[in-house]
Amino acid sequence: MDQPQGSDTSTTSAAQAHAAAGTSPDATGRGMVSTALVNLIPPATLAAVICFWGFAPDAWVEAPYTLVIVAVAIMAWIQGLEWVAERHEGWRINRRELATDVFYTVLMYTVIGWVATKVAEEPLMALKERLGIATPWLMELPFLVQALMVILLVEFGQYWMHRLMHNVYPLWLTHAPHHHVTQLNALKGAVGNPIELVLISLSVVALFDFSLAAIFCAISMGGVISGFAHANVRSNPPLFYSFFFTTIRHHSLHHTALSYEDTRCNYGNSVIVFDRIFGTYRDGESAIVGQDDRRRLSIYEQFVFPFQPVIDRIGAGRNGERGNSKPSAG
C-alpha cells in the first residue's frame, strides 16, 4: 500500500530515482511526451486517410491508380516507422524478409486481387443485377458512416473465415504458412499461402450501393490498421482506438509461438471488437512468434504447404513399395 509522504520526501525520492536511471525530470517528461506522440501515430494516420478520401476530388477517386498510390504510401510510411520506433530488436527487418514481404504484397495487389474479383466480386455484382437488389439509400448516408459500414462488412466475414481457419483442419493448412512467420513487420499481413489470401479477400460488399470513395476509404483504413497490427513499431494506441481496432499487442498474441492453441484468439484483422463480442478476445502480447519450433518457410514451402500431407503420403507409399520389393533372381 502506498504510504502518504511529505512534499520534501517525495521530491527527494523522485530526484534519487531520476539519478539512478541516469535521467533528469525534464528528460523523463520529454520521454513521456514522445511516447504519447508515438502512441497516437496509428489513429493519426487513420484520420489522415479518412480525410484524404473524404475530401478528394472525384477525378482523383475515379483515377485508376489513386488507390494503389495511397496503399503504397501507407505501407512505406509504416515500414519506415520501424526504423525509427522499433518495438522488438528480434523483429528487425532485413533484406530477405523485406524481399519476401514485397513479393507477397505485389502478389496480393495483382494476382490475388484479380482472382478475388473474378470469383467473388463480379459474380456478386451479376447476382445483384439479376435479383434487382438496390440500396441507393446507403449513398445518402454520411461518408464516414459508409466507410465504417464497409470495413465492418469486410471484417465480419474475415473474422469468421479466420476463425474457421483455426478450427477446420483443411482450412488451417491454407492459413498455417502465415503463422510460420518468425517476426512481425509492416507488410507481413500479405504473407501466406495464395489459397488463404484469396479466401481472406472475399466479401459481400459488391451487393451494396456504397460510394466509390467510401469503399476506397475502407480499403485504405484496413491497410492502415492491419499494417500497424503487423508492424514492428513501438506504438500502443489509446483505448478509443484499441477497443475497436486491432493493434500489434492483440495480433502478436495471435501469432504467439507458445502453442497452436494459444493462437486461437484475437482473430480480427483490423476490427478487434468482433473478438470482444464473440468471446475470442485475449489481452496480452507476445514478442516470440511462429509455429512448429519457429521454422521459417520459404516461398515454395508456403505455396505447397496445404498439399504437404498428400505429398508426404505419396512419398511414404513409394518408399514402402521400394522397401517391400525384392531383388529378382539373376
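We use all heavy atoms of the structure for the numbers below, so side chains are in, but hydrogens, waters and symmetry mates are not. Being a predicted model, the structure only gives us computed values, none of them experimental. One is the number of the first residue; the rest follow in order along the sequence.
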List for me each residue that meets salt bridge (charged side-chain N to carboxylate O under 4.0 Å, His left out) alongside [X], sequence neighbours excluded, and say none if there are none.
X	result
Glu129	none
Arg249	Asp283, Glu285
Asp101	Lys188
Asp292	none

Residue pair [X] / [Y]: nearest heavy atoms and the distance that separates them:
X	Y	result
Leu184	Val181	CD2-CG2, 4.2 Å
Gly223	Ile78	O-CD1, 4.3 Å
Met149	Phe210	CB-CE2, 3.9 Å

Can you tell me how far apart [atom1] ([X]) and [atom2] ([Y]) are? Round to the nearest 0.5 Å.
X	Y	atom1	atom2	result
Phe143	Phe55	CZ	CZ	9.0 Å
Ile41	Ser235	CD1	OG	6.0 Å
Leu144	Cys217	CG	SG	7.0 Å
Leu107	Ile299	CG	CD1	9.0 Å

Only one of His166, His230, His162 clears ring-ring contact (aromatic ring centres under 6.0 Å, His included) with His178; which? His230

Please determine whether ring pair (Phe, Tyr, Trp, His ring centres under 6.0 Å) holds for the pair Phe228 and Phe245, giving the CA-CA distance in whole Å, both sets of side-chain angles, and the decisive distance to 0.1 Å. CA-CA 10 Å; Phe228 278 110; Phe245 302 124; over 10 Å; no

Decide yes or no on ring pair (Phe, Tyr, Trp, His ring centres under 6.0 Å) for His180 and Phe305, but give the supporting numbers first. CA-CA 11 Å; His180 277 75; Phe305 194 93; 5.3 Å; yes

Not counting sequence neighbours, list each pair that qualifies as a salt bridge (Lys or Arg N to Asp or Glu O under 4.0 Å) and has a residue in [range].
range	result
residues 207-233	Lys128-Asp209
residues 263-275	Glu261-Arg264
residues 190-200	none

Would Val102 and Leu98 count as a side-chain contact (heavy atoms from CB on, under 4.5 Å) here? Give the steps. CA-CA 6 Å; Val102 170; Leu98 183 58; 4.1 Å; yes

Is there a side-chain contact between Leu173 and Pro309 in this structure, where contact means two heavy atoms from C-beta onward sitting under 4.5 Å apart? yes

Ring pair (Phe, Tyr, Trp, His ring centres under 6.0 Å): pairs with one or both residues in residues 102-132, sequence neighbours excluded: none

Consider only side-chain N and O atoms of Ser252 and His255, and report whether a donor and an acceptor are under 3.5 Å apart. no

Do Tyr241 and Thr247 have side-chain atoms, one donor and one acceptor, less than 3.5 Å apart? no

Which residue pairs satisfy the side chain to side chain donor-acceptor pair (under 3.5 Å) criterion with at least one member in residues 64-82, sequence neighbours excluded? Thr45-Trp77, Gln79-Glu82, Glu82-Asn185

Can you sort out the partners of Ile219 under side chain to side chain contact (heavy atoms under 4.5 Å, CB included), two or more places apart, ordered by chain and number? Leu67, Ile215, Phe216

Presence of salt bridge, Arg234 and Glu86, under 4.0 angstrom: no

Can you tell me how the ring of His254 sits relative to the ring of Tyr267, calling it parallel under 30°, perpendicular over 60° and tilted otherwise? perpendicular

Using 30° and 60° as the class boundaries, would you call the ring planes of His88 and Trp91 parallel, tilted or perpendicular? perpendicular

Partners meeting side-chain hydrogen bond (donor to acceptor under 3.5 Å, both in side chains) with Ser220 (sequence neighbours left out): Trp53

Go through the structure and list residues passing side-chain hydrogen bond (donor to acceptor under 3.5 Å, both in side chains) with Asn236, not counting sequence neighbours. Arg87

Are there over 12 heavy-atom neighbours, none belonging to [X], within less than 6.0 Å of that residue's [atom1]?
X	atom1	value
Trp172	CH2	yes
Tyr300	OH	no
Trp160	CH2	yes

Would you check, one step at a time, whether the test side-chain contact (heavy atoms from CB on, under 4.5 Å) holds for Phe303 with Leu297? CA-CA 10 Å; Phe303 273 53; Leu297 300 181; over 6 Å; no

Between Phe274 and Tyr281, ring centroids under 6.0 Å: no

From CA spacing to verdict: side-chain contact (heavy atoms from CB on, under 4.5 Å), Arg163, Thr280: CA-CA 9 Å; Arg163 189 168 173 176; Thr280 53; 3.6 Å; yes

